[in-house]
2 protein chains.
Amino acid sequence: MTKGPQFEPVQPVRAYQRIVEQVEDALARGDLTPGQRLPSERELVAQFAVSRSTVREALRVLESNGVVRSRPGDPNGPEILPYSSSALRKQVARLARVDQLTLSELIGFRMIMDGAAIQVASRLRTPEELDDLEATLVAMRDAIDVDFAAFSEADLAFHELIARISRNSLIQTCNEVVRGVVLGLIADKIAHAPNSRALMLESLHHHAEVVDAIRAGNGHAAARIARQNMFDYYAGYVPDSEQETLRALIDD
Amino acid sequence: MTKGPQFEPVQPVRAYQRIVEQVEDALARGDLTPGQRLPSERELVAQFAVSRSTVREALRVLESNGVVRSRPGDPNGPEILPYSSSALRKQVARLARVDQLTLSELIGFRMIMDGAAIQVASRLRTPEELDDLEATLVAMRDAIDVDFAAFSEADLAFHELIARISRNSLIQTCNEVVRGVVLGLIADKIAHAPNSRALMLESLHHHAEVVDAIRAGNGHAAARIARQNMFDYYAGYVPDSEQETLRALIDD
DNA sequence: TGCGCCGACTGGTCTGACCAGTGGACTAGG
DNA sequence: CCTAGTCCACTGGTCAGACCAGTCGGCGCA
């Protein structure tokens with residue numbers, strides 16, 4: 001090795017950090033499963049042989065990681081949560097706010113991501129899954145008559161299904177997370193747009209075309225339509241100067 | 001509205017949570033910028049008019065979100081960190097461990113993601129960026145003679161450049177995060193593989209082909225080669241049963 | 001000028017206390 | 001017997017004050 005020994009900066013391990021590790025390891029090993037309860041804070045004090053402040057600092061870390069949730073007064077201890085994308089979403093939302101991630105980058109990410117997922121899905125889909133997609137279209141149609149929130153939920157179900165068909169739960173999670181952040185930024189504007197209903201109908205139409213293309217096994221076409229749809233749906237909310245960048249993503 | 005009023009569960013806002021919000025808002029507004037220091041804990045106690053325990057619980061949350069870092073003995077207060085993907089990576093790593101995300105899903109995600117980024121990049125790249133890519137290839141060649149870690153770093157630079165050319169920092173972050181998690185799982189195995197050097201050479205060769213295809217403006221070919229490369233590079237580390245799923249991702 | 005000591009800080013941890021909630025057990029009243 | 005109300009043990013959230021081991025800047029000594 002030409003570089004010589006690689007020393008890393010040494011830093012003390014905090015007690016609360018070791019508690020966090022122990023809990024997360026227990027979760028990874030399966031000794032702890034979602035729905036179970038952690039002992040109460042005072043009980044943890046005894047088990048870990050540290051002070052309550054230390055236990056609580058560890059719990060705050062676990063809580064912000066989406067691992068547990070504490071509820072005051074609950075006779076059972078903190079609850080072990082099932083994995084949810086909320087912690088990831090928080091990170092991405094922070095990225096968007098603090099790191100100047102623009103709306104057009106978020107949308108561009110979705111266009112790329114969703115297009116790729118649809119392309120993969122159009123090859124892997126089983127006949128049953130095709131039926132499921134059709135069913136989702138019907139649900140979307142019905143939801144239009146309710147309100148935007150309902151339509152949005154049906155749309156989410158569609159994309160979740162696509163991600164599931166692509167056999168990759170990370171895609172599903174990513175899609176869900178970024179979609180959540182995007183909607184958080186502009187859902188109100190869409191919901192109150194005067195042509196909201198027309199937008200929903202057009203989106204539904206595009207979705208149907210996507211499903212047709214998937215049925216035909218034409219992944220390229222399906223992905224292209226999906227990207228076009230997302231562009232039409234969202235592009236109005238990004239500055240004109242950035243619209244061109246997004247438009248460039250439509251064709252592959 | 002046909003659904004009636006939608007009540008949301010009301011839950012008390014904790015003091016430490018409001019401190020977290022205040023700090024993150026200040027960051028979002030730009031009142032706080034990376035590199036700056038927060039006041040010391042005892043000073044924050046005075047400013048927020050809460051106890052030190054509360055301040056510390058808030059700091060633990062901020063710390064686990066990658067917003068600040070505390071160092072004992074530091075005469076300056078906690079440091080405001082620039083955004084880094086470390087917090088995101090922690091989430092994805094947890095997802096991988098706890099939520100049974102498989103290695104093949106992580107690799108599949110990268111194949112899809114990176115392929116899409118390369119496809120976009122091959123259209124958007126400027127001549128200068130093409131030169132930068134060539135330069136990265138040279139760096140990779142040199143790094144092979146050093147060790148695997150160096151090669152890995154040069155490879156990271158290549159992918160960062162691709163992501164940057166695709167004009168989307170979220171892609172870059174995602175790529176970096178998932179790449180980090182994958183390497184964390186199998187870097188040792190690759191580094192100590194007997195044919196490690198041959199693998200690196202082959203990978204370099206593929207990268208060169210990708211650059212050629214990008215220069216030619218053939219996004220499809222570039223993406224396909226990149227996916228193939230990633231498959232060759234990593235597939236040996238996933239169970240046979242899952243290799244087929246990955247192989248299906250190579251062609252588009 | 002250079003070096004080492006010192007002291008004023010830092011964050012990490014601990015102790016012990018109080019409070020407002022929660023929910024189970026217990027009890028009085030139907 | 002069952003219900004409704006009370007009570008109480010316990011929860012997590014917060015507080016005040018203390019000690020410790022580090023860190024680092026400045027002062028004074030060689």
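Chain letters run A, B, ... following the sequence lines, proteins first and then strands; every chain starts at 1. No hydrogens, no waters, no symmetry mates; every other heavy atom, side chains included, goes into these values. Values in this document were obtained by computation on a predicted structure and should not be read as measured data.
Ion pairing between Arg69(B) and Glu63(B) fails under the 4.0 Å rule for side-chain N and carboxylate O. Ion pairing between Arg179(A) and Asp114(A) fails under the 4.0 Å rule for side-chain N and carboxylate O.
When heavy atoms are screened at a 4.0 angstrom cut-off, Arg60(B) is found touching the sugar-phosphate backbone but no base atom. Among the protein residues, Arg56(A) comes within range of the nucleic acid bases, having at least one heavy atom under 4.0 Å from a base atom.
As rounded to whole Å, 21 Å separates atom P of dA17(C) from atom CZ of Arg52(B). Distance Asn76(B) CG to dC9(C) C1': 11 Å, rounded to the nearest Å. Rounded to whole Å, atom P of dG12(D) lies 12 Å from atom CD of Glu57(B).
Of the candidate nucleotides dG13(D), dT13(C), dC15(D), dG13(D) has the atom lying nearest to any side-chain atom of Arg14(B). Here the side chain of Ser53(B) is nearest to one of dA16(D), dT14(D), dT13(C), namely dA16(D). Nearest to the side chain of Pro78(B), among dG11(C), dC24(D), dA17(C), sits dG11(C).
With hydrogens and angles disregarded, no donor-acceptor distance shorter than 3.5 Å links the side chain of Arg60(B) to the backbone of Ala58(B).
No side-chain donor from either of Thr173(B) and Ser85(B) sits under 3.5 Å from a side-chain acceptor of the other.
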